Amino acid sequence: IKIVTEIYFHFAKSLMPDEFKPFAEVLKNGGVVILDLSNLETELTNPIIEFFSGICYVKGGGQKKLSTQPIFIFWTLPFTLTDQPPLTIR
């Protein structure tokens with residue numbers, strides 16, 4: 001069993017590739033990233049979501065939208081996310 005000791009949260013301010021590179025590394029190394037893309041235009045958020053979803057797919061993880069706002073969790077660890085309050089990671 002791998003215990004998640006760090007979960008990274010990032011509030012995106014721009015679409016600069018260098019801004020997201022560290023979080024791609026976190027996912028490649030088996031981590032969890034939460035991205036708040038609420039201050040970006042929808043047409044800008046889609047490429048970011050597709051990029052991180054691709055990393056998760058290749059590494060056997062997944063992604064989920066956490067609210068009505070564009071806030072997403074991406075993971076490459078084997079765990080299950082439930083929708084029952086409170087939001088839990090098993």
Side-chain angles (χ1 to χ4, degrees):
I1 295 175
K2 183 173 182 179
I3 298 173
V4 179
T5 56
E6 296 177 281
I7 295 177
Y8 294 85
F9 178 81
H10 183 64
F11 183 75
K13 298 177 186 74
S14 68
L15 190 61
M16 301 302 293
D18 289 343
E19 182 179 356
F20 297 99
K21 190 175 183 178
F23 302 104
E25 290 299 319
V26 169
L27 289 173
K28 285 195 260 180
N29 293 324
V32 176
V33 173
I34 299 172
L35 291 179
D36 181 345
L37 304 173
S38 60
N39 71 330
L40 295 178
E41 298 292 326
T42 302
E43 62 270 3
L44 299 177
T45 62
N46 288 340
I48 296 168
I49 295 165
E50 290 169 3
F51 173 72
F52 284 107
S53 295
I55 294 171
C56 294
Y57 176 78
V58 168
K59 299 291 281 181
Q63 61 94 13
K64 184 172 180 67
K65 189 172 183 181
L66 295 178
S67 76
T68 57
Q69 298 295 315
I71 301 172
F72 294 85
I73 184 169
F74 300 91
W75 66 88
T76 54
L77 296 171
F79 67 76
T80 303
L81 208 56
T82 67
D83 290 328
Q84 303 302 315
L87 184 66
T88 56
I89 299 173
R90 292 188 201 163

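Everything quoted here is computed from the prediction, not taken from an experiment. When a residue number appears, it is its place in the shown sequence, counting from 1.
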Kindly list each side-chain donor-acceptor pair under 3.5 angstrom involving residues 50-58, sequence neighbours excluded, with atom names and distances?
unit_1 : atom_1 : unit_2 : atom_2 : d
Ser53  : OG     : Ile49  : O      : 2.7

Taking all non-hydrogen atoms of both residues, which atom of [X] and which atom of [Y] are closest, and how far apart?
X     : Y     : value
Leu37 : Phe72 : CD1-CD1, 4.3 Å
Val32 : Trp75 : CG2-CB, 4.1 Å
Asp36 : Ser38 : OD1-OG, 2.6 Å
Thr76 : Lys59 : CG2-CB, 3.6 Å

>> My understanding is that only residues two or more places apart in sequence, or in another chain, count here; which of them pass side-chain hydrogen bond (donor to acceptor under 3.5 Å, both in side chains) with Gln69?
In response: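 Partners of Gln69 by the side-chain hydrogen bond (donor to acceptor under 3.5 Å, both in side chains) criterion come out as none, since no residue qualifies.
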>> According to salt bridge (Lys or Arg N to Asp or Glu O under 4.0 Å), who are the partners of Lys28, at least two apart in sequence or on a separate chain?
In response: Glu25
